[in-house]
Peer 1: 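Sharing a structure below in structure tokens format, with a few things to ask.
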Amino acid sequence: MKIAVVGATGMVGREILKVLEERQVEISELIPVASERSVGKAIEFNGKPFKVVSMEDAIAMKPNIALFSAGGDTSKKWAPEFAKVGTVVIDNSSAWRMDENIPLVVPEINADVITLEDKIIANPNCSTIQLVLALSPLHTAYGLNRVVVSTYQSISGTGVKAVRQMENERNGKTGEMAYPYAIDQNCLPHCDAFLENGYTKEEMKLVNETRKILRDGTIGITATAVRVPVKGGHSESVNVRFNEDYTLTEVRQLLHNTEGLVLQDNTDTNTYPMPLYAHGKDEVFVGRLRRDDSDVNTLNMWIVADNLRKGAATNAVQIAQYWISKFGSVKQ
Ligand code: A2P
């Protein structure tokens, strides 16, 4: 397997390299790719140095898989060029997610939508991945009627510039701003750009991507996405109304039995998910399960995951592993 990592010098790209190492994905040739300003620089993988190459050089090497995390515009322009030489692109940007011909995949839920003909596969948004992983078993059991989600999103989701902004603020320095306001000691109800309907792009990603992954356009979903001064890990307060009634015992059992989910739900011992502890882990953590008595068949829960791991790198690498196990031996 020749694997290219496009955006290998970025926050998610570096995490992808780490996850590929940890999962011991069999790679015959690693091709790190970044912008022209990084070409020739060395990055380390499995203890060895690898030189960063340009997009053109990477395409000429015809990788089997390219894991893209270099922004939407780069992806729109270059993913089809890789696809033309037979590479399967697993794209972490929002460029292709809502294209009806492109599968949008959380492997534990819908890996089965991937076919050998798919040359671009989209990795969902970080806040969507952790949400759908917890919602999916409940949707199957009771049918989702309406979901109200409020997010508490880490600055690492914005990239290196945001991490630097918060560090500068904490050290009393001025510098380049990733956000329109200070982020330390603050909460910004503003993740990604505002749209005409008054929502942000991040909020609409939660709505549209959830419906696509769960294959149900009728689910009512509304979202408020908030950026908080947390270095790593997104949290979500989720209120869900089901079509059918449930018991908390059954919900706990369903979540406990779901691959990739960890139930942390014991108020007697102050056990609940927190970004500090989800940091660096691949699982999605869920807890604070309680009945919402103000409405019928309604549940409250709290979901936390490392946005750079399951929210981005881990999910992308899992898609690659699924593809390798299913189609890796098929002659292209
Ligand atoms: P570079 O480091 O050379 O700028 P982040 O989101 O953390 O800022 O990372 C973005 C990643 O995408 C980096 O690896 C960056 O490379 C890469 N990148 C940005 N623009 C391009 C481009 N036009 N072609 C290839 N890689 C790009």
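Nothing here was measured: the structure is a model prediction, and the numbers come from that model.
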Peer 1: Which pairs would a plain distance check flag for residues 286-295, meaning a side-chain donor or acceptor within less than 3.5 Å of a matching protein atom at least two apart in sequence or in another chain?
Peer 2:
| unit_1 | atom_1 | unit_2 | atom_2 | d |
| --- | --- | --- | --- | --- |
| R290 | NE | R288 | O | 2.8 |
| R290 | NH2 | R288 | O | 3.4 |
| R291 | NH2 | D245 | OD1 | 2.9 |
| R291 | NH2 | Y246 | O | 2.7 |
| D292 | OD1 | S294 | N | 2.9 |
| D292 | OD1 | S294 | OG | 2.6 |
| D292 | OD2 | N239 | ND2 | 2.9 |
| D292 | OD2 | S294 | OG | 3.4 |
| D295 | OD2 | R241 | NH1 | 2.8 |

Peer 1: Among residues at least two apart in sequence or on other chains, which ones pass salt bridge (Lys or Arg N to Asp or Glu O under 4.0 Å) with D192?
Peer 2: K205

Peer 1: Could you point out which residue of N123, V89, I90 forms a side-chain contact (heavy atoms from CB on, under 4.5 Å) with L67?
Peer 2: I90

Peer 1: Cut-off 3.5 Å, side chains only: do T271 and T269 have a donor facing an acceptor?
Peer 2: yes

Peer 1: Can you name the side chain to side chain contact (heavy atoms under 4.5 Å, CB included) partners of N243, sequence neighbours left out?
Peer 2: N145

Peer 1: Just checking, any donor-acceptor pair under 3.5 angstrom between side chains of T200 and E202?
Peer 2: no

Peer 1: Once salt bridge (Lys or Arg N to Asp or Glu O under 4.0 Å) is applied, what residue pairs with a partner in residues 26-45 remain, sequence neighbours excluded?
Peer 2: none

Peer 1: Specify the closest pair of heavy atoms between F50 and P32, including all atoms of both residues, with the distance to one decimal.
Peer 2: CB-CG, 3.8 Å

Peer 1: Is there a side-chain contact (heavy atoms from CB on, under 4.5 Å) between T9 and R14 once you walk through the steps?
Peer 2: CA-CA 6 Å; T9 53; R14 277 181 278 155; 5.7 Å; no

Peer 1: Among all residues two or more places apart in sequence or in another chain, which pass the ring-ring contact (aromatic ring centres under 6.0 Å, His included) test with F194?
Peer 2: H190

Peer 1: Could you pull out all residues at least two apart from A70 that satisfy side chain to side chain contact (heavy atoms under 4.5 Å, CB included)?
Peer 2: V6, T74

Peer 1: Check V33, L30, I43 against V5 for a side-chain contact (heavy atoms from CB on, under 4.5 Å) and give me the one that passes.
Peer 2: L30

Peer 1: According to salt bridge (Lys or Arg N to Asp or Glu O under 4.0 Å), who are the partners of E21, at least two apart in sequence or on a separate chain?
Peer 2: none

Peer 1: By the salt bridge (Lys or Arg N to Asp or Glu O under 4.0 Å) test, which pairs, at least two apart or in different chains, include something from residues 82-93?
Peer 2: E81-K84

Peer 1: List the steps and the verdict of side-chain contact (heavy atoms from CB on, under 4.5 Å) for V240 and T298.
Peer 2: CA-CA 5 Å; V240 199; T298 304; 5.9 Å; no

Peer 1: Test question: given the 4.5 Å side-chain rule for I, L, V, M, F, W and Y, name all other residues clustered with F285, or answer none.
Peer 2: V262

Peer 1: Determine whether more than 12 heavy atoms belonging to other residues, nucleotides or ligands lie under 6.0 Å from atom CD of Q24.
Peer 2: no

Peer 1: Using a 3.5 Å cut-off and no angle test, enumerate the donor-acceptor pairs between side-chain atoms of residues 220-234 and protein atoms at least two apart in sequence or in another chain.
Peer 2:
| unit_1 | atom_1 | unit_2 | atom_2 | d |
| --- | --- | --- | --- | --- |
| T222 | OG1 | Y199 | OH | 3.4 |
| R227 | NE | T158 | OG1 | 3.4 |
| R227 | NH1 | S154 | O | 2.8 |
| K231 | NZ | E167 | OE2 | 3.4 |
| H234 | ND1 | S154 | N | 2.9 |

Peer 1: Is the closest basic N to carboxylate O distance between E283 and K310 below 4.0 Å?
Peer 2: no

Peer 1: Does atom NZ of K76 have more than 12 heavy-atom neighbours from other groups under 6.0 Å away?
Peer 2: yes

Peer 1: In sequence, state the C-alpha distance, the side-chain angles, and the governing distance for T174 and N168, and then conclude on side-chain contact (heavy atoms from CB on, under 4.5 Å).
Peer 2: CA-CA 6 Å; T174 49; N168 281 341; over 6 Å; no

Peer 1: Answer whether the closest heavy-atom distance between the side chains of I27 and K2 falls below 4.5 Å.
Peer 2: no

Peer 1: Heavy-atom count around D73 CG within 6.0 Å, excluding the residue itself: above 12?
Peer 2: no

Peer 1: Only one of I129, I114, D112 clears side-chain contact (heavy atoms from CB on, under 4.5 Å) with V105; which?
Peer 2: I114

Peer 1: Does this structure show an ion pair linking E169 with R164, if we count only N-O contacts that are shorter than 4.0 Å?
Peer 2: no

Peer 1: Suppose we screen for ring-ring contact (aromatic ring centres under 6.0 Å, His included). Which residues come up paired with W78, at least two apart in sequence or across chains?
Peer 2: none

Peer 1: Out of W323, F82, F327, which residue meets the side-chain contact (heavy atoms from CB on, under 4.5 Å) rule with V88?
Peer 2: W323

Peer 1: With salt bridge (Lys or Arg N to Asp or Glu O under 4.0 Å) as the criterion, how do R211 and D216 come out once you've worked through the C-alpha distance, each side chain's angles and the decisive distance to 0.1 Å?
Peer 2: CA-CA 5 Å; R211 288 179 177 149; D216 187 344; over 6 Å; no

Peer 1: So, are R170 and D184 salt-bridged, with charged N and O less than 4.0 Å apart?
Peer 2: yes

Peer 1: Which pairs pass ring pair (Phe, Tyr, Trp, His ring centres under 6.0 Å) with one or both residues in residues 118-163, sequence neighbours excluded?
Peer 2: Y142-F242, Y152-W302

Peer 1: So N307 and S156, side-chain contact (heavy atoms from CB on, under 4.5 Å) or not? Walk me through it.
Peer 2: CA-CA 8 Å; N307 50 299; S156 62; 2.9 Å; yes

